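First comes the structure, then the notes that go with it.
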Amino acid sequence: MNTLSTNQYIKPVTTIRNFEGNLAIGGCDLVSLADKYGTPLYVIDEATIRSICHDYKTAFEKYPKMRMMYASKALCTSAVTAILNEEGFGFDTVSAGEIYTVHNAGVDMGKVLFNGNNKSYDELSLALDFGVGRFSVDNFFELALLNEIASVKGKVADILLRITPGIECHTHEYIQTGHLDSKFGFDLTQVDEAIDLILNEYKNIKLHGLHAHIGSQIFETGIYPDEIEILAKEISRIDRKYGLKLDEINIGGGLGVKYTEEDVPPSTFEIGELIVNKLHDVIEKYNIPEPTVFIEPGRSVISTSGVTLYTVGSSKQVPHGTKYVAIDGGMADNPRPSMYQAKYCAEIANNKDLAKDEMVTLAGRFCESGDILIGNVVLPELAEGDVLCVYNTGAYNYSMASNYNRVQKPAMVLVRDSQSEVIVKRESLEDLVAHDIIPDRLKK
Ligand SMILES: *Cc1c(COP(=O)(O)O)cnc(C)c1O
C-alpha cells in the first residue's frame, strides 16, 4: 500500500498557513492561541489523533481479534483518554496514577492492562480493586506478590507473562527493551519455572498468554514478525509440554514517528499487513488457536497530534560562534533532547519574512547548558516576541515534564473545528507550593 499513514507526517494533519500568514492547526490560529493561553503551550489536534486511530483500525481490520491498547505513558490526560476510549482503544498502564486517570475518564477497566517491572503492593491492590483486565507480570517477585494480594481479596488475577524475546532493534539504547540483558521480563529459560508455579502453587493467578515489547521509535519492519514467531513458538511449546492452551499474545508497542525529514518510519498499513500475514502463518505452522493479539502503541498514536508553542526572548551571538536564541520553555516541558539527543523540527508561527533566514541554536530557559531544544537549525531571522511552533511533541513531552527551576508546567489545549478547549490547566505559583509544609518551628 503506498498511502502514507499519519505517523509518517511531521505535522498535524490540519496544519496550514492561514490568510494572515500565521500557522493554524485544527482551524485555530497559533498566534491567537499563544495570546489567549500564554506560552509555553501544548496544543493537541483532535483530527490527527482520530486519523491515526483510523489508520490503526484499517491496518488491522483483517484480524478481528486484534486489540489496540494505547500506551498511556506517552501522554496520559483525562481528555486524551476519553478520545481514545471513544475510538475503541484499550489502555496499557504502568502506575496507579495512570490506572486512576483512565478509570476517572470512564474507561471499562476490563480493557486495561497493567505493565511494569516493579509494581508495588499498593498498585497491584488498587488494580485488582478497579478490575483491571490483564496484568503483564514481569518477574517472580511480582508473580508471588500478585497471587498473595489476589488470594487475600478472594480474586483471580488474569495475567500475561512478559518475556524477553532476545531481539535487538536499532533505536537509542535507553529505549531498547527486547534484548536479552534487559531489566524487563522473564528470560525464555525462566518461563517453565513460572508456569510450574502458576499451575501448582499460585491458585489466584490465571495465565492467558505471553507479552513482549521490543523497544520504541522502531523503524525496522521485520521486528514484529520475528517477535510473533518467537511468541507463537513458545505458545505451542507450552501447549505440548503442559497441555495449556494460551490464546493471547501481546506484541508491545514501539512504532516510530517522523520527528525530522531524516526519520522514515514505516507505514502503519505496512506494519499491519506484515503482522496480520505473520499471524496467519504461525497459526497454521504451529497449529495453535487463533490468539487475541494486543498491540500497545503509545508514541505513534499521539506524537504527531501535538505541537508546543514557545515565545522567543533573548538571544546571544557568540563572537565568531553560535547564535543562541532563547525560548520560554525547554527541558522541563520537553526533556527528550537533553535526555537522548532527540531531534525536532520547528517553524515560526507568526507571519514573517520567510526569505531572510539564519542558522541558530534554540536554547531553553532552564539552568543547564544541556538545555538546548534544537541545535543548528535554519529559521527565518527570529526576534523577541515571535511565536515558535515545535512539531511532534504529543508523546513523551508533557508525560515527562518536570517543575525543574520551580517553573509551572504549561497548559494543554485541544483544537478541533476552529475551537480550542483547555484540557490541562497551566500550573499556578500556588500549585508549586501546594504540597510544601513549613514545620511550625520554622514559621515566622
Ligand atoms: C513504552 C511501552 C509501550 C509503548 O511504546 P511506544 O514506543 O510509545 O509505542 C508499549 N508497551 C510497553 C510494555 C511499554 O513499556
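The structure presented is a predicted model; accordingly, all values stated were derived computationally and were not measured. First listed ligand is number 1; within each ligand, the first listed atom is number 1.
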Numbering the atoms of ligand 1 from 1, which are under 4.0 Å from a heavy atom of Gly298? 4 (C), 6 (P), 8 (O), 9 (O)
Any carboxylate oxygen within less than 4.0 angstrom of a Lys/Arg side-chain nitrogen, looking at Glu87 and Lys57? yes
Please state whether Pro297 comes within less than 4.0 angstrom of ligand 1, counting heavy atoms only. yes
Just which atoms of ligand 1 are under 4.0 Å from any heavy atom in Asp92? 10 (C), 11 (N), 12 (C)
Is Ser305 reaching over with its side chain to a backbone N or O of Asp45, donor-acceptor style, under 3.5 angstrom? no
So for Ala74, does at least one of its heavy atoms come nearer than 4.0 angstrom to any atom of ligand 1? no
Pairs where residues 248-258 contributes a residue and the test salt bridge (charged side-chain N to carboxylate O under 4.0 Å, His left out) is met, not counting sequence neighbours: Arg134-Glu248, Lys258-Glu261
Which of the atoms in ligand 1, numbered in the order shown and given with their element, are less than 4.0 Å from a heavy-atom of Arg162? 13 (C)
Decide if atom NZ of Lys425 counts as having more than 12 heavy atoms of other residues, nucleotides or ligands within a radius under 6.0 Å. no
Out of His211, Arg299, Glu296, indicate the one that has the non-hydrogen atom closest to atom 12 (C) of ligand 1. Glu296
Do Arg50 and Glu46 sit within salt-bridge range, that is, some charged N less than 4.0 Å from a carboxylate O? yes
Between Val301 and ligand 1, find which residue part has any heavy-atom pair under 4.0 Å and reply side chain, backbone, both or neither. neither
Is the closest N or O pair between Ser216 and ligand 1 shorter than 3.5 Å? yes
Between Lys111 and Phe89, is NZ or CZ placed under 6.0 angstrom from the six-membered ring centre and within 45° of the ring axis? no
Mind checking whether Tyr396 has a heavy atom under 4.0 Å from ligand 1? yes
Apply side-chain hydrogen bond (donor to acceptor under 3.5 Å, both in side chains) to Asn115 and list each qualifying residue two or more places apart in sequence or on a separate chain. Asp92, Ser136, His211, Glu296
